[in-house]
Protein chains: 4
Amino acid sequence: MSEEIDGRVRRGLDAREARRAQILESSLQVFAERGFHATSVSDLVEAAGVARGTFYLYFDGKEALFLELLEDLTRHLRENIVGVDLTRGGMEDQLQATVERILATLVDNRALTRILFREAVGLNAAVDERLAAFDAELHGYVARALQVGQAVGIVRPLDAEVSAVLVVGGLREVVRRYVVGTDEMFDVSRVARAVLDHQLRGVLA
Amino acid sequence: MSEEIDGRVRRGLDAREARRAQILESSLQVFAERGFHATSVSDLVEAAGVARGTFYLYFDGKEALFLELLEDLTRHLRENIVGVDLTRGGMEDQLQATVERILATLVDNRALTRILFREAVGLNAAVDERLAAFDAELHGYVARALQVGQAVGIVRPLDAEVSAVLVVGGLREVVRRYVVGTDEMFDVSRVARAVLDHQLRGVLA
Amino acid sequence: MSEEIDGRVRRGLDAREARRAQILESSLQVFAERGFHATSVSDLVEAAGVARGTFYLYFDGKEALFLELLEDLTRHLRENIVGVDLTRGGMEDQLQATVERILATLVDNRALTRILFREAVGLNAAVDERLAAFDAELHGYVARALQVGQAVGIVRPLDAEVSAVLVVGGLREVVRRYVVGTDEMFDVSRVARAVLDHQLRGVLA
Amino acid sequence: MSEEIDGRVRRGLDAREARRAQILESSLQVFAERGFHATSVSDLVEAAGVARGTFYLYFDGKEALFLELLEDLTRHLRENIVGVDLTRGGMEDQLQATVERILATLVDNRALTRILFREAVGLNAAVDERLAAFDAELHGYVARALQVGQAVGIVRPLDAEVSAVLVVGGLREVVRRYVVGTDEMFDVSRVARAVLDHQLRGVLA
DNA sequence: CATGAATGAGTATTCATTCAT
DNA sequence: CATGAATGAATACTCATTCAT
């Protein structure tokens, strides 16, 4: 009998998780199409095919749901920004691989990325904070890498702070152009190589 | 008598223009503080010190007013991005001066810049279009400059498209960090120099 | 075998009754704390420790349950308002005992009394009707007692109708003050004596 | 011109006050009929014949409006409970006049009185506080009067606290019966006399 | 019998826009 | 031209009740 109850509970929990996932997924699509502000809870429940009350059974509101979607993406991203080991050879290949992974992740999560770039800022203190934290993390990561590079003599003398800003901004713009601003595919490998080539060697002849 | 009427009309038009300018200016401040979505028409008329009806006498609505503010800024910017004559010597100095002018303009219009970066996207088809156009313009300008540079042998062989994206993104990020994200001043000249140094020569030793 | 079934049924009914009683009791507490309107069915099922559906298996809804609680209290009260035999001596002692019994009953059911006084009116036609009926019953009881008293010469000539209203109202106010409005105990006997003294002899010297 | 503007402003303010009064009056009727909880903002705006938005232009919500109605009544009442001067003769006549005034005021404001008695308690902390304060004031007034009476020898030795409770409760019940519980008129003078006769002299022969 | 996920009608409240004065 | 009271469609959210498991 306890097994039967366990079974029931288990099935209940599974169903709950499935519902949550279903609402998250359909909401993601709606947000990506309409944008956060233009999306009403009615839009979300309609897309999810559930009643208004059901929506609130799973989420505290559209902002809370949105926050969860953002967390999903930043988690995805963090998992893909793994460190480059400068003591090992083939640094440029490692960097290339990292940039490719980041771009591929964002392409795979195009809807979320679109939301993130288009409307995530200024919605909500919690969202802003989360994004600012991610931003600082990213910037710090690049700046430290440059400083380490300078210490080991790979990187020439330069303003590591500003260069970190430029590297992050360049990547952000690539995403804006090739992931957010279009539905077309692009050659991730080629773009990643061009990015590295530019950032490492500049444009002067 | 026609002169008298002209005088009246003139005075009327001047007053009208002054009112418009006053409402635009006060609205700009409110938008910069509260953000577009958190700002209501009530906030705007209160800040302007005019009646609600008067507001609609001068603008078609809060979005239309916002659009005008954006146009102001993009016009300002356009005026400051003047071409670099690569055939003349001192190219790097010319670029340095251009970057400095852009940054200085944005610092001078911090409120507008903040609005532009924080919330302008996804508000409205018209706004999006205008921003996209400016973006394309900027990108094209840089890309063409790079191609010309390649033609005259100043710029090494590279993917001009991607490099243009990286240059624009780098500048955008600098603005995000040093203009939008803080109220503190920064050394425009030093940052401009670091930007050029990075973009021209890359980071490798 | 029929015995066995009887046993089963009996056990089933007992369990049912126990469940009902448990839900009634916990609901009473919640109503007394939060008040009728501020109490949701969720509060009730949570307090009872049963599922939402189970609640509706035992009661038609929160109003129906509330009505049952009210009936409990009015039944308790009716049982304690036993007639005074004016032909027998010691009338004042009998009245004193009656008032004490009423007050003691209400103190013993403080939660219910509180609900009754604070929020029972205007909830629902059924509740209102029940309360009005109890009210009329009480009023009639006192009025008749006064008339009988007049007939036997114990009560002086007066407006029995109005006096009945005043007697009931006085008692009601005592309950409001000493039972509903506070959690402190009070000297039931002393108050009952003061009540009778006042109502029987007035305040004039 | 300043006169003209003054005129405009004056007219505007008058109109505002008239609207407020109109909404208050129609809301009062609805509350008296349906009761507070059964009344929705929709009911109120429909009764007032204004748009939903207009309602919120004048009141913060239905609770705020309700609070204003209650304040109206308690102000009316306070103005009618003027002290009895025991040093002057004809004390009983003075009391009679006071009771008559109170009853007349409540009859004149039957709708408000009905609301006050039926549903004012337990709605809201602010309302409760206001009512409790009025209650305490009333009780204190009577208790002090009894004590003064005892001091000057008009009132016999008794428990002034409990007697005050009984007097207030008696009056409250009279109102409940003759004002709140029916739409019929009653002989205010006769009832007031019966009330005083009962409270002053009791029921015993 | 018991469960609790799902429902959807209902509620309060906001706010861009209009228009009579 | 200027005003600001009035509008009402739209929005987020609640909660008593049902019903498949």
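Within every chain, numbering begins at 1; the chains are lettered A, B, ... in the order of the sequence lines, protein sequences first and strands thereafter.
- Note that OH of C:Tyr58 is 5.5 Å distant from CZ of C:Arg16, once rounded to the nearest 0.5 Å.
- The listed nucleotides are E:dT7, F:dT3, F:dC1; the one nearest the side chain of B:Ala51 is F:dT3.
- With sequence neighbours excluded, the residues satisfying side chain to side chain donor-acceptor pair (under 3.5 Å) with D:Gln29 are D:Glu25.
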Below 3.5 Å, can you tabulate the donor-acceptor pairs from side chains in residues 47-56 of chain A to any protein atom, sequence neighbours excluded?
{"residue": "A:Arg52", "atom": "NH1", "partner": "A:Ser42", "partner atom": "OG", "Å": "2.8"}
{"residue": "A:Arg52", "atom": "NH2", "partner": "A:Ser42", "partner atom": "OG", "Å": "3.3"}

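- For the pair D:Ile23/D:Leu44, no side-chain contact is recorded, criterion being any heavy-atom separation below 4.5 Å from C-beta on.
- D:Glu17 places its CD atom 14 Å from the C1' atom of F:dA5, with the value rounded to the nearest Å.
- Annotation: A:Glu71, atom CD; neighbour count of heavy atoms from other residues, nucleotides and ligands within 6.0 Å is above 12.
- Note that CG of B:Leu69 is 11.0 Å distant from CG of B:Leu116, once rounded to the nearest 0.5 Å.
- At a threshold of 4.0 angstrom between heavy atoms, the contacts of B:Val45 with the nucleic acid are absent.
- Under the side chain to side chain donor-acceptor pair (under 3.5 Å) criterion, C:Glu68 pairs with C:Arg20, sequence neighbours left out.
- Listed for the C:Lys62 side chain is a donor-acceptor partner under 3.5 Å among the backbone atoms of C:Thr39.
- At a threshold of 4.5 Å between non-hydrogen side-chain atoms, the residues A:Phe36 and A:Arg118 do not count as touching.
- Between B:Phe66 and B:Phe31, the angle of the ring planes goes over 60°, which puts this pair in the perpendicular group of the 30/60° scheme.
- Between B:Phe59 atom CZ and E:dT18 atom C1' there is a gap of 18 Å when expressed in whole angstrom units.
- In this structure, CZ on C:Phe134 lies 12.0 Å from CZ on C:Arg75, to the nearest 0.5 angstrom.
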Dot-bracket encoding of pairs in DNA chain E, which uses [ ] for pseudoknotted crossings and | for another strand, Watson-Crick or G-U under 3.5 angstrom: .||||||||||||||||||||

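- Listed in residue order, the members of residues 22-30 of chain B having a heavy atom less than 4.0 Å from DNA chain F come to none.
- Using a 4.0 Å heavy-atom cutoff across all strands shown, D:Arg20 reaches no nucleic acid atom at all.
- Of the side-chain N and O atoms in D:Tyr58, none sit less than 4.0 angstrom from OP1 or OP2 of F:dA5.
- Residue D:Phe36 contributes atom CZ, which lies 12 Å from atom C1' of E:dA12 at whole-angstrom precision.
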Protein proximity profile, nucleotides 9-16 of chain F - base contact B, sugar-phosphate-only contact S, no contact -, cut-off 4.0 Å on heavy atoms: B--BBBBB

